[in-house]
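Below is one structure, written out as structure tokens; the observations come after it.
Remember, it's 1-based here, ligands and their atoms both numbered in the order they're listed.
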Amino acid sequence: MNMTRRVFLSGLGASALAGAAGPAQAWESKAPDDPLGCLVDLARCTGCRKCEQACNNVNDLPEPDTLFTDLRLLDVKRRPDAGAYTVVNRYFPGKVDDENQLIPVHVKVQCMHCQDPACASACITGALSKKDNGTVHYDVSKCIGCRYCMVACPFQIPAYEYHKTVTPKVMKCTFCFDRLEEGKKPGCAEICPVEAITFGKRSMLLELARRRIRNDPGRYVDHIYGEKEAGGTSWLYVSPVPFHQLGFIDVPDFPMPRLSESIHKAVYSYLWAPVALFGMLYGVKSYNDRRDQKQAGQGGAQ
Ligand code: SF4
Ligand code: SF4
Ligand code: SF4
């Protein structure tokens, strides 16, 4: 988490001390039945960072300070930010090869495009919404810059253009919405030279993931990250080692909007809306903080 994000979230917590959380509302899923998604195979990824470069190209993001060919950056545990919708980090979870050399595992990080996205649930203007094709889409024309989506996201994904004084935006992986509409693959999936990213219907990706695990149990752990986490996500992962060794956030299986979707109700239903709103957001933030502290104690901060 960078400083500007931390400062914003800390400020929210201080404001919320005066608030009181209301009871959570019953959550009704609006997820599409079988959306598009991507399966990232961490046993295949070589950490070449070509997906990062392709992402910046297709999204017209600025050139980074460090060249995409500089692989030393893999060892800096980065998060997506306003200038990079996806980043690749390198871990050494302890497996060794025939020559007793530690085997690295590379992890591509981006928005998970949750089936029931907490960010969209927290967004009081509808600027974020789950589309039928699987993308969690951001409409800048509706965004008022409140950044509640940053608090609600259990995967710590949305970033904010703090450096811009005029019309700053929330920034996150778009799942290449326009390319998908044109029938193309996401830029990162198209470029990957080792087919570590497979694009397709979520049901097909789950079947592919299960087949890889079944056919090669020595190569993969029996866990598809994203199948159940946060109620299921459009981006899925298979891995050669347990996910907590790779900085993956330990997210519960239920849809996270259960923790935050009563925000809408508070805003529109009660005179004490601001107090309830900050109280509920503080509840979500506290939950995420407790989880992060627990995970840091297990050595799994991403
Ligand atoms: S392009 Fe493929 S192999 Fe290279 S870092 Fe990205 S996911 Fe890994
Ligand atoms: S990972 Fe976060 S930003 Fe992406 S869809 Fe899920 S809640 Fe929203
Ligand atoms: S789907 Fe598109 S926006 Fe998302 S990480 Fe891949 S290239 Fe970037």
Taking only Lys NZ, Arg NE, NH1 and NH2, and the carboxylate oxygens of Asp or Glu, determine whether D75 and R90 approach each other closer than 4.0 Å. yes
Numbered atoms and elements of ligand 1 in range of C48, under 4.0 angstrom, heavy atoms: 1 (S), 3 (S), 4 (Fe), 5 (S)
Which atoms of ligand 2 sit under 4.0 Å from any heavy atom of P158? 3 (S)
P193: numbered ligand 1 atoms lying under 4.0 Å from its heavy atoms: 1 (S)
Under 4.0 Å between heavy atoms, the region of T86 that gets near ligand 3 turns out to be side chain
How does C55 reach ligand 3, if at all, at less than 4.0 Å between non-hydrogen atoms: by side chain, backbone, both, or neither? both
What atoms of ligand 2 come closer than 4.0 angstrom to any heavy atom of K172? 3 (S)
For T46, the ligand 1 atoms whose distance to one of its heavy atoms is below 4.0 Å: 3 (S), 8 (Fe)
Nearest neighbour of atom 8 (Fe) of ligand 1 from the list A189, C38, C45, A54, on a heavy-atom basis: C45
Show which atoms of ligand 2 fall inside a sub-4.0 Å distance from at least one heavy-atom site of C114. 1 (S), 5 (S), 6 (Fe), 7 (S)
If you measure from each heavy atom of R179 to ligand 3, is any distance below 4.0 Å? no
Of all the heavy atoms in H106, does at least one lie under 4.0 Å from an atom in ligand 1? no
If you compare C192, G187, C188, C176 by their heavy atoms, the one closest to atom 6 (Fe) of ligand 3 turns out to be C188
Exactly one of W235, Y220, F248 clears ring-ring contact (aromatic ring centres under 6.0 Å, His included) with Y225, and that residue is F248
Enumerate the atoms of ligand 3 whose separation from the nearest heavy atom of P186 is less than 4.0 angstrom. 1 (S)
Using a strict 4.0 Å cut-off to heavy atoms of A118, name the atoms of ligand 2 that fall inside it. 7 (S)
